[in-house]
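Encoded as structure tokens, the structure appears first; notes follow it.
So you know, we letter chains A, B, ... as the sequences are listed, proteins then strands, and number each from 1.
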There are 2 protein chains.
Amino acid sequence: MKMDDRKQKVLLAIVHDYIATAEPVGSRTIAKKFRLGVSPATIRNEMADLEEQGYIEQPHTSAGRVPSEQGYRYYVDYLMKKHDLSPAEETLIRSEFDIKVKDIGQVIHKTGQLLSQLTHYTAMVLTPSIGTSSFKHIQLVSMNPTQAMVVVVMDNGTLHHRLIEIPESISAEDMETISSVLNAKLRGLTNENIKHTLMKEIYSELARHKHILDLAMELLEESLTKKSEDKIYLGGVFNMLNQPEFHNVEKVKTLLSILEQEKLLCGLMAGEEMDLGITVRIGGEIKNQGIKECSMVTAAYSLKGQRIGSMGVLGPTRMEYAKVISVVDFMTKNLSQALERMMRGLGK
Amino acid sequence: MKMDDRKQKVLLAIVHDYIATAEPVGSRTIAKKFRLGVSPATIRNEMADLEEQGYIEQPHTSAGRVPSEQGYRYYVDYLMKKHDLSPAEETLIRSEFDIKVKDIGQVIHKTGQLLSQLTHYTAMVLTPSIGTSSFKHIQLVSMNPTQAMVVVVMDNGTLHHRLIEIPESISAEDMETISSVLNAKLRGLTNENIKHTLMKEIYSELARHKHILDLAMELLEESLTKKSEDKIYLGGVFNMLNQPEFHNVEKVKTLLSILEQEKLLCGLMAGEEMDLGITVRIGGEIKNQGIKECSMVTAAYSLKGQRIGSMGVLGPTRMEYAKVISVVDFMTKNLSQALERMMRGLGK
DNA sequence: TTTAGCACTCAGCAGGTTAGAGTGCTAACA
DNA sequence: TGTTAGCACTCTAACCTGCTGAGTGCTAAA
């Protein structure tokens with residue numbers, strides 16, 4: 001859609017002012033605040049055109065104009081200027097990531113906190129799905145005469161464990177033996193590689209302990225096949241209540257009821273767009289009735305170039321897109337790096 | 001405070017009606033709904049007395065009466081009748097606990113869900129602090145030439161792990177050796193029992209690997225001393241928005257901002273009252289400005305008679321005390337039992 | 001001691017009025 | 001032909017006003 005220069009300026013002014021004040025913007029306001037060098041009357045003419053073309057709308061006759069979804073879309077696609085983070089903000093992010101780089105959970109948590117803190121909207125971070133891998137070590141530990149713990153250490157640094165029931169006849173030494181055999185024969189193999197022939201060999205070697213072996217193999221198989229579950233971290237839900245669009249309890253209720261449904265959110269985050277760039281969805285472009293008055297800025301983060309999770313910011317359609325986009329951009333890059341550092345040397 | 005029989009009946013009527021309707025209760029309403037056999041005028045006289053004594057108050061001149069905090073207190077202490085759970089509810093709780101008895105996290109989660117679901121208020125469950133214990137197994141696992149994983153299995157069934165940096169000179173066999181030595185010498189000991197003489201012995205035996213030994217011992221010591229951190233699970237925050245007292249966004253905001261502060265909540269839950277019974281705190285009795293219009297019903301749950309965590313329900317002061325108290329009571333008992341079952345046989 | 005009756009109070013609502021913000025149109029102007 | 005001043009018009013939000021009904025407290029009679 002072609003749009004002449006002055007119309008763009010007027011649209012830009014409306015979007016900026018409305019984002020800042022949450023009040024419909026009138027022609028006088030634009031003329032005064034944005035110094036376009038023309039009178040309110042001229043701006044009124046332009047606004048009438050913009051409304052006709054669907055970029056702005058009027059809440060009621062004697063009110064100013066408000067950007068429509070189409071207007072925001074045009075703004076995001078063509079008018080918006082990049083808005084770099086302040087050095088202070090960049091430093092904050094970097095230092096937080098440097099300090100708290102202990103484990104994945106913490107990094108995700110921190111990411112969410114930073115996202116919501118910097119944008120003042122709600123942050124959503126999807127935990128990385130690292131996919132299948134091989135294992136480094138399996139260990140059976142006797143806990144008491146009738147129970148044992150099976151521990152599997154994966155090559156990506158995660159752990160799986162399970163408590164199993166054992167016959168009293170098995171000694172701690174037996175379990176040590178089983179552990180060694182399993183480690184010696186299977187270590188480093190992926191699920192596909194664990195051939196049945198190999199398993200037969202093991203079962204014949206440890207025939208006495210078939211039952212316990214079954215239980216251990218069950219956990220091992222699960223660990224090898226199962227992708228880590230999608231979990232989502234939410235931060236700054238509270239921020240949304242400061243937005244004037246949520247001064248109405250009914251809206252707060254719909255919003256919160258949606259944010260409570262983890263699965264739904266995961267769907268929204270993990271959805272369609274598999275590219276690495278930033279996706280901006282405005283209002284109805286989010287395929288969900290309940291939050292059709294919100295916008296989402298999402299992006300994937302990666303490990304070794306492979307997309308493994310995503311993060312996003314949810315705010316009112318009247319969102320500071322430029323700011324949010326740069327924050328999300330910067331955060332994905334930093335999170336990817338932090339993960340890279342954390343995983344350095346690990347199998348995956 | 002002595003109170004004549006009819007006054008008690010009037011107070012009870014006011015509390016019940018206000019809990020049910022959230023509207024100030026007038027003399028006519030009481031006469032009609034509660035059949036005390038006297039006219040509204042008589043009830044008015046009683047109400048005047050009750051107000052003078054501080055049990056009820058009037059929001060404004062021409063409104064009915066509302067129980068004061070003191071009124072709720074009197075109700076809870078003297079007037080309230082026990083309100084057993086319905087068989088259906090009891091069955092629901094029991095069956096949920098039977099199915100989901102896999103790990104502690106899940107049990108806590110389920111408890112919170114049930115609490116909020118049954119009461120329609122917000123549930124808070126503090127994770128058990130199992131305290132110090134001894135360890136069952138320690139294992140060093142080589143991940144790659146420069147990193148290894150230390151895994152410690154505690155006798156209460158929890159796991160601790162950490163990634164450490166290692167010199168390239170150390171082989172996987174070395175690590176196996178170190179693991180065996182540590183297990184052989186230290187297994188089952190508590191932190192106090194690990195004598196310096198013993199440590200010297202180990203260090204001399206494994207002199208070549210002092211560095212890696214240090215790192216492993218560090219995790220081990222931490223695991224042995226550190227109490228599991230207090231974490232809190234919240235459920236049904238959303239429920240509160242259906243309460244008419246939270247139809248005002250400002251109040252929702254203060255409430256949510258408090259519920260976001262985990263530490264504060266832990267303080268409230270873990271606080272003073274260390275006995276096993278149920279504690280009811282009404283309005284200002286909760287030592288927190290922000291939720292002075294709420295009440296809390298809390299109780300501890302236990303393992304082998306020892307208090308190890310607590311749960312609670314947060315609702316408006318206009319709360320269904322009788323119902324909530326019986327739910328909390330039933331839940332603590334069931335949770336304690338579930339934990340008992342889960343820990344059966346484990347060290348602690 | 002209880003109750004009927006009555007005067008009084010006050011929140012909330014409906015209806016009416018006003019002020020101000022903002023528009024669209026028209027006619028004059030550059 | 002594009003721009004602008006002026007003006008009539010529209011509509012919301014705020015304010016006032018009077019009314020209604022719920023509920024009270026007091027008094028005097030039962």
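Residue Thr61(B) has no polar side-chain atom (N or O) positioned under 4.0 Å from OP1 or OP2 of dT9(C). For Arg6(B) and dT2(C), the shortest distance from a side-chain N or O to OP1 or OP2 is below 4.0 Å.
Heavy atoms of Ala41(A) sit under 4.0 angstrom from at least one base atom.
Chain B approaches DNA chain D within less than 4.0 angstrom (heavy atoms of the protein), and the contacting nucleotides run 5' to 3' from dA22(D) to dG25(D).
Sorted by first then second residue, the ring pair (Phe, Tyr, Trp, His ring centres under 6.0 Å) pairs that include residues 234-261 of chain A, not counting sequence neighbours, number zero.
Across Gln58(B) and Arg65(B), no two heavy atoms sit closer than the pair CG-CD, 3.6 Å.
Here the two rings, on His83(B) and Tyr321(B), have centers that are 6.0 Å apart or farther. In this structure, the ring of His16(A) has its center no less than 6.0 angstrom from the ring center of Phe34(A).
One finds a salt bridge joining Asp84(B) and Lys82(B) here, because a Lys/Arg side-chain nitrogen approaches an Asp/Glu carboxylate oxygen to under 4.0 Å.
Using the six-membered ring where Trp is involved, His109(A) and Tyr233(A) have ring planes that are tilted, between 30° and 60° apart.
Atom C1' of nucleotide dT1(C) and atom CG of Asn45(B) are separated by 10 Å, given to the nearest angstrom. Atom pair His60(A):NE2 and dG22(C):P shows a separation of 10 Å (rounding to whole Å applied). Taking atom CD of residue Glu23(A) and atom P of nucleotide dG20(C), one finds them 17 Å apart after rounding to whole Å.
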